[in-house]
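Okay, structure first, notes after.
Here is how names work: the chains are called A, B, and so on, in the same order as the sequence lines, proteins then strands, and each is numbered from 1. Treat the numbers as computed from the prediction; the structure is a model and nothing was measured.
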Number of protein chains: 2
Amino acid sequence: MPTAFERHDHSACSHAALVRADELAAARGLRLTPVRRRVLEILLERHRALGAYEVLERLSAEGLGKQPPVAYRALDFLVENGLAHRVQRLNAFAACQSDHSDGHAPAFLICRVCQNVEEMDAATLRSALGSQADALGFEVERLTIEALGRCAGCAAEE
Amino acid sequence: MPTAFERHDHSACSHAALVRADELAAARGLRLTPVRRRVLEILLERHRALGAYEVLERLSAEGLGKQPPVAYRALDFLVENGLAHRVQRLNAFAACQSDHSDGHAPAFLICRVCQNVEEMDAATLRSALGSQADALGFEVERLTIEALGRCAGCAAEE
DNA sequence: AATGGGAATGTTACATCATAACATGCCGAC
DNA sequence: GTCGGCATGTTATGATGTAACATTCCCATT
Ligand SMILES: [Zn+2]
Ligand SMILES: [Zn+2]
Ligand SMILES: [Zn+2]
Ligand SMILES: [Zn+2]
C-alpha cells in the first residue's frame, strides 16, 4: 500500500475501504444508513482529516442534513465502529484507511503542509507504553499517538 | 517523586515547579509577569488539567483579567516555554511537573476517574516512533502521546 | 526630563467546535 | 395495527479559541 503522502490511485483506497465497511456492517449487523455511508465516502475522498462542519457543509449541499448533530452523529457512529478516527490535534475526522478490520488504534502522521494523514501501526508503541504505565499501576484504556511534521513530498518542495 | 495519582505532599511539587520556573526565567530572560506566574500557580494547585476558561474564572475572581485572550496568552506563554503542557484529549492545560528543565515532550497518563494527569518520560517511544516514521520519509516535529485510563487508586475503589 | 519602541495587557467582536433536549419519522416484531 | 427502538430533524445553547486593534508599561536612548 502506498502511503497517504505518495501519489497513488486513490480510488483504490477509497473503494477498498467502502468494501470493508460493507463487510463489517454485514458481519456485525450495523446499519450503514445513507447519511452514515455518505459521510464515510466524503471522508474517503482524500487522505485529509475533515472537521465536522466541513462534512456538514457537504451533507447540506446534498440535502442530507443541515444541523451539526447530523454530522456529529454520523461521525460518532463511524468512529465507534472503527470506520473512522478522530484526530485530536486537528479536531477533525479521517476515514480509516487501514485494512485491520477491527479494534486497531493506530498512530497518526499528520503533514502540516499538505495536511494529509497517514495511519501507522502502533502495536509496538502501545505495548511499550503499556508496560511503562503498568509499572505505575495505570491501566491504559485509550491511547492517542499523533505526530505532526512534514512528509517527504512536502520536504522536497521546500 | 510520587506520581500524580498517589497521595503526597503536593506543596512540595508545586514549590519545586515554581522554583524551576523562576530559575528558567532568570536563565533565559523570560518575563514571568504577575498574570503568567499566577496562571502557573493555579495550574500547579493540583495534578488536574484545567480548561482555559477555568483558569480565566480564577483570574477574573482575582482581578487579573476578564477576557479569554488574557488566559490564552498566559497559557501559550507557559506552553511555549515548557512550563506547562497542553492536553489535547481534554482541551486543557497542565503545569509541567517534571524536572527536565528543557525541551522534553512527555507522554501523559490521564485518569478518567480522578482526572489527574501524570507525565511519563517518552524518550524511548519517541525514538521508536521516529524510526518508523523515518522509514516512510516523514519528519516528526511534534509528538503527542496521551493515554486515557484508570489509575491504581481509582481502580482499587471501584 | 522628554521621546520612542517593544512587549504585555485590555477589550471588542467573532469564529469554530460540540452537545442537550425534544420532536418526528421509519420499520420490523408481536 | 400498534408498539418500541433506532435514526433523523430541529432548536437552542454551551464550550473552546482567535483576529484585530487600543492602551499601558517599561526601559533605553536622547
Ligand atoms: Zn489513497
Ligand atoms: Zn505533506
Ligand atoms: Zn503533587
Ligand atoms: Zn484516578
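Regarding A/Leu59, its CG atom lies at a distance of 11 Å from the P atom of D/dT8, rounded to whole Å. One can place CZ of B/Arg31 at 12 Å from C1' of D/dT24, the figure rounded to the nearest angstrom. A straight line from CZ of B/Arg37 to P of C/dA8 spans 17 Å, rounded to a whole angstrom. Computed from coordinates, the A/Leu56 CG to C/dT19 P distance equals 14 Å when rounded to whole Å. Atoms OH (B/Tyr72) and P (D/dA19) sit 12 Å apart, rounded to a whole Å. In this structure, the CD atom of A/Gln88 is 16 Å from the C1' atom of C/dT16, given to the nearest Å. Across the protein-nucleic acid pair, B/Asp76 atom CG and D/dT16 atom P stand 15 Å apart, rounded to whole Å. Between the CD atom of B/Glu62 and the P atom of C/dG10 there is a distance of 13 Å, rounded to whole Å.
You'll find the ring centres of A/His10 and A/His15 outside the 6.0 Å limit. Aromatic rings of A/Phe108 and A/His85 (six-membered ring for Trp) have centroids within the 6.0 Å cut-off, being under it.
Among the heavy atoms of the strands, none lies under 4.0 Å from B/Leu75. A/Arg73 comes within contact range of at least one nucleobase, with a heavy-atom separation under 4.0 Å. Residue A/Leu64 is in sugar-phosphate contact alone, with no base atom involved, counting any heavy-atom pair closer than 4.0 Å across all strands shown.
Projected onto DNA chain C by closest heavy-atom contact, A/Leu90 and B/Thr33 fall at different nucleotides, the more 5' of which corresponds to B/Thr33. When each of B/Ala52 and A/Gln67 is assigned the nucleotide of DNA chain D bearing its nearest heavy atom, the one mapping closer to the 5' terminus is A/Gln67.
Listed candidates were C/dA8, C/dT19, D/dT8. Nearest to the side chain of A/Arg36 is D/dT8. When distances are taken from the side chain of B/Asn91 to each of D/dT18, D/dT16, D/dA7, the shortest belongs to D/dT16.
Shown here is A/Arg89, whose CZ atom has more than 12 heavy atoms of other residues, nucleotides or ligands within 6.0 Å. Within a 6.0 Å radius of CZ in A/Arg46, other residues, nucleotides and ligands contribute 12 heavy atoms or fewer.
Scanning atom types as modelled, no donor and acceptor separated by under 3.5 angstrom connect the side chain of B/Tyr53 and the base of D/dG14.
Contact of the B/Phe77 side chain with the B/Leu32 side chain is registered, since non-hydrogen atoms from C-beta on lie closer than 4.5 Å.
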